[in-house]
Amino acid sequence: MLKQYVYQGEIKEIICELESRKETVNQEVMKKVLQMIETVKKEKDDALMEYAKKFDGFEMKNCAEMIVTKEEIEEGSEQIGEDMIRILERAKKQIIEFHKNQIQKSWYMDKQDGVILGQIVRPLKRVGIYVPGGTASYPSTVLMNAIPAKLAGVKEIVMFTPVKADGKIAPAILAAAKVCGIDTIYKIGGAQAIAAAAYGTEMIPKVDKIIGPGNIYVATAKKCCYGVVDIDMIAGPSEVLVIGDETANPRYVAADLMSQAEHDKLASAIFITTSKELAKKVEEEIQKQIQKLNRKEIIESSLKNYGAIIVTNSLEEAFKIANEIAPEHLEILTKDPIRNLPKVENAGSIFLGENSPEPLGDYMSGTNHVLPTGGTAKFYSSLGVYDFVKFSSYSYYPKEVLETFKEDVKAFANLEGLDAHANSIQVRFEEKE
């Protein structure tokens with residue numbers, strides 16, 4: 001089912017296959033999205049109501065119906081039951097415990113010559129979370145996006161999600177929102193929700209940043225609105241890369257590869273090992289376990305097109321390949337996984353040892369599951385508290401200290417042909433001269 005490779009110093013074929021998953025700009029989608037954004041900018045809430053009717057089958061009598069009531073939130077929380085509330089609260093606690101270490105503080109330095117330098121850290125004022133609707137229900141998306149924003153000090157966090165024709169939202173989504181302290185939820189989805197969040201309407205004040213996953217229309221709208229607002233990232237298909245030596249359990253490896261392959265047919269699952277025997281056993285385990293899985297067809301398609309087993313001569317070669325691929329999720333199933341951690345240069349989230357499978361990170365480990373995909377882990381990071389703050393630097397210079405820099409600053413300005421910059425320094429000393 002998975003393509004087999006023996007590493008001989010080159011993985012171009014695998015890289016090309018992974019690159020092919022990236023969505024090129026769909027001009028037809030772009031045209032529709034741009035038109036929707038312009039319509040929302042002009043017609044505001046009327047446009048949102050019309051789009052809700054057209055795409056979701058949800059007909060509102062007035063624009064106030066686009067806001068979820070407190071009663072609806074309470075009802076949703078009651079429907080999922082006390083045990084699921086307990087699980088959501090436990091996940092929240094784990095996420096807080098990890099992310100609180102990312103909180104950054106303002107600082108300053110008071111130099112002996114009277115110069116004061118520093119940096120102010122302030123939270124964004126208003127953030128919008130997009131949560132997919134339809135047949136999908138991902139309460140974990142709410143937790144992973146809202147909790148870091150809360151820890152950063154964001155005062156207003158609002159949520160956008162599409163609904164069905166009855167205007168209902170999945171109870172698990174409402175319960176997760178309650179657990180996170182989000183009480184403003186809009187029954188608006190798609191590109192129109194992104195436009196409303198970015199530009200504002202009569203009912204919806206504009207936000208400073210839009211976060212959360214969505215379909216191609218949502219992703220395209222986020223791209224188009226970037227600059228008007230900030231966004232988190234444009235996530236591509238999910239991926240996992242597992243590195244295992246001869247000590248790895250083939251049952252665990254097979255299960256972990258399929259746990260990502262089930263996301264969609266474009267998902268990627270790659271296993272790199274130093275053992276030919278283990279590679280064979282993993283393939284056998286996949287064939288055995290897949291028979292009892294509900295999303296068998298999706299898994300088979302994903303593994304066939306974007307899955308691979310690569311046999312290397314050493315772990316050094318295995319990590320070299322992993323760093324080149326820069327996977328969203330990286331599992332290290334070796335004899336001493338922690339000792340191998342320093343070999344990782346590029347990965348969204350790293351899972352060490354056979355008892356730290358990737359699904360644990362999706363829900364309960366505390367690490368964030370909003371991660372860079374498609375090789376962007378070479379320069380992007382997982383979502384964190386630092387994504388919801390901004391930094392302002394400041395400086396104070398006494399005149400006598402400025403004088404010691406006077407000629408150098410003027411020379412620098414003149415070098416760049418900016419004599420007004422030089423003049424700004426010069427005028428402060430003309431009286432003395």
*Interatomic spacing from CD in Glu43 to CD in Glu50 - rounded to 0.5 Å*: 8.5 Å

*Would a 4.5 Å heavy-atom cut-off, applied to side chains only, mark Ile15 and Ile325 as touching?*
yes

*Salt bridge Lys187-Glu72, side-chain N to carboxylate O under 4.0 Å*: yes

*Answer yes or no: is there a side-chain heavy-atom contact under 4.5 Å between Glu156 and Val127?*
no

*Under the side-chain hydrogen bond (donor to acceptor under 3.5 Å, both in side chains) rule, what do Asp45 and Thr201 come out as? Steps first, then yes or no, please.*
CA-CA 6 Å; Asp45 290 333; Thr201 69; 2.6 Å; yes

*Ignoring hydrogens and geometry, is there a side-chain-to-backbone donor-acceptor pair from Asp232 to Gly212 under 3.5 Å?*
yes

*asked:* Tell me the closest heavy-atom pair linking Leu2 and Ala269, and the distance in Å.
replied: CD2-O, 4.1 Å

*Mind listing the closest non-hydrogen atom pair of Tyr186 and Pro205 along with its distance?*
OH-CD, 3.9 Å

*asked:* When you compare the side chains of Glu74 and Ser77, does any donor N or O come within less than 3.5 Å of an acceptor on the partner?
replied: no

_Among residues at least two apart in sequence or on other chains, which ones pass salt bridge (Lys or Arg N to Asp or Glu O under 4.0 Å) with Lys53?_
Glu59

*Run through Met203, Glu202, Met49 and flag the one making a side chain to side chain contact (heavy atoms under 4.5 Å, CB included) with Lys44.*
Glu202

_Strictly below 4.0 Å, N to O, side chains only: are Glu345 and Lys378 in salt-bridge contact?_
no

*Sidechain N-carboxylate O distance under 4.0 Å for Lys296, Glu262*: no

_Option passing side chain to side chain contact (heavy atoms under 4.5 Å, CB included) with Val142 (candidates Ile147, Leu174, Ile182)_ = Ile182

*For the student: nearest non-hydrogen atoms of Ala248 and Leu333, plus distance*: CB-O, 3.5 Å

*Contact summary for Ser356 and Leu352, nearest pair of heavy atoms*: OG-O, 2.9 Å

*asked:* Between Lys31 and Glu28, does any NZ, NE, NH1 or NH2 come within less than 4.0 Å of an OD or OE carboxylate oxygen?
replied: no

*Any side-chain heavy atom of Val179 within less than 4.5 Å of one from Glu89?*
yes

*Is NZ or CZ of Lys209 both nearer than 6.0 Å to the six-membered ring centre of Phe388 and within 45° of the ring axis?*
yes

*Just say parallel, tilted or perpendicular for the rings of Phe405 and Tyr397, cut-offs at 30° and 60°.*
perpendicular

*Any side-chain heavy-atom pair from Glu285 and Val253 closer than 4.5 angstrom?*
no

*Could you tell me the separation between the OH atom of Tyr5 and the CZ atom of Phe271, rounded to the nearest 0.5 Å?*
16.0 Å

*Which pair of heavy atoms, one from Asn355 and one from Leu360, lies closest together, and at what distance?*
O-CD2, 4.4 Å

*Do Leu293 and Met258 have side-chain heavy atoms sitting under 4.5 Å apart?*
yes

*Mind checking the NE2-CD1 spacing from His263 to Ile299? Nearest 0.5 Å is all I need.*
10.5 Å

*asked:* Taking Gln287's backbone N and O only, do any of them form a donor-acceptor pair with Gln291's side chain (distance below 3.5 Å, no angle check)?
replied: yes

*Atom CG of Asp230 and atom CG of Asp208: how far apart are they, to the nearest 0.5 Å?*
9.0 Å

_Can you tell me how far apart OG1 (Thr184) and CZ (Arg126) are? Round to the nearest 0.5 Å._
7.0 Å

_Quick test of your reading of the model: are Glu284 and Arg251 salt-bridged, counting only N-O distances below 4.0 Å?_
no

*asked:* Between Glu328 and Ser238, is there a side-chain donor-acceptor contact under 3.5 Å, judged purely by atom types and distance?
replied: yes

*Donor-acceptor under 3.5 Å (Ser301 side chain, Ile298 main chain)*: no

*Looking at Ile204, Ile37, Ile194, Val207, which one forms a side chain to side chain contact (heavy atoms under 4.5 Å, CB included) with Tyr199?*
Ile37

*In this structure, are over 12 heavy atoms from other groups packed under 6.0 Å from Lys206 atom NZ?*
yes

*Applying side chain to side chain contact (heavy atoms under 4.5 Å, CB included), run through Ser365 and Phe98 and close with a yes or a no.*
CA-CA 9 Å; Ser365 71; Phe98 177 85; over 6 Å; no

*Derivation and outcome, side chain to side chain contact (heavy atoms under 4.5 Å, CB included), residues Val29 and Tyr217*: CA-CA 7 Å; Val29 171; Tyr217 289 92; 3.8 Å; yes

*Are any side-chain N or O atoms of Arg21 and backbone N or O atoms of Glu17, one a donor and one an acceptor, separated by less than 3.5 Å?*
no

*Using a strict 4.0 Å threshold on nitrogen-to-oxygen distance, state whether Glu38 and Lys41 make a salt bridge.*
yes

_Glu239 backbone acceptor or donor facing His329 side chain under 3.5 Å_ = yes

*Can you find a heavy atom in the side chain of Ile80 that is under 4.5 Å from one in the side chain of Leu88?*
yes

*Taking the six-membered ring for Trp and the full ring for Phe, Tyr or His, determine whether the centres of Tyr130 and Phe160 are under 6.0 Å apart.*
no

*asked:* With a 4.5 Å cut-off on side-chain heavy atoms, are Ile425 and His421 touching?
replied: no

_Exercise: identify the closest heavy-atom pair between His99 and Gly384_ = CD2-CA, 4.2 Å

*Is the number of heavy atoms from other residues, nucleotides or ligands within 6.0 Å of CZ (Phe391) greater than 12?*
yes

_Do Glu358 and Gln260 pair up side chain to side chain, a donor and an acceptor below 3.5 Å, judged on atom types alone?_
yes

*Check: Asn423 side chain, Asp419 main-chain N or O, donor-acceptor pair, under 3.5 Å*: no

_I'd like to check Ile157 versus Lys150 (side-chain heavy atoms, cut-off strictly below 4.5 Å). Are they in contact?_
yes

*Got a donor-acceptor contact below 3.5 angstrom from the Asp56 side chain to the Phe58 backbone?*
no

*Report the C-alpha distance between Leu418 and Phe412 in whole Å, list the side-chain angles of each, state the deciding distance to 0.1 Å, and finish with yes or no for side chain to side chain contact (heavy atoms under 4.5 Å, CB included).*
CA-CA 9 Å; Leu418 301 173; Phe412 222 136; over 6 Å; no

*What's the spacing between Ser302 OG and Lys265 NZ if we round to 0.5 Å?*
10.5 Å

_Side-chain donor or acceptor of Asn145 paired with backbone N/O of Val131 under 3.5 Å_ = no

_Given Thr334, which partner from the list Asp245, Thr273, Asn340 fulfils the side-chain hydrogen bond (donor to acceptor under 3.5 Å, both in side chains) test?_
Asn340

_For Met364, is there any backbone N or O sitting under 3.5 Å from a side-chain donor or acceptor partner on Gln94?_
yes

*Answer yes or no: is there a donor N or O on one side and an acceptor on the other, between the side chain of Thr312 and the main chain of Tyr7, under 3.5 Å?*
no

*Given the rule in the side chain to side chain contact (heavy atoms under 4.5 Å, CB included) test, do Val389 and Arg122 qualify, once you have shown the distances and angles that lead to the verdict?*
CA-CA 5 Å; Val389 296; Arg122 288 195 176 98; over 6 Å; no

_SB check Glu13 Lys3 (cutoff 4.0 Å)_ = no

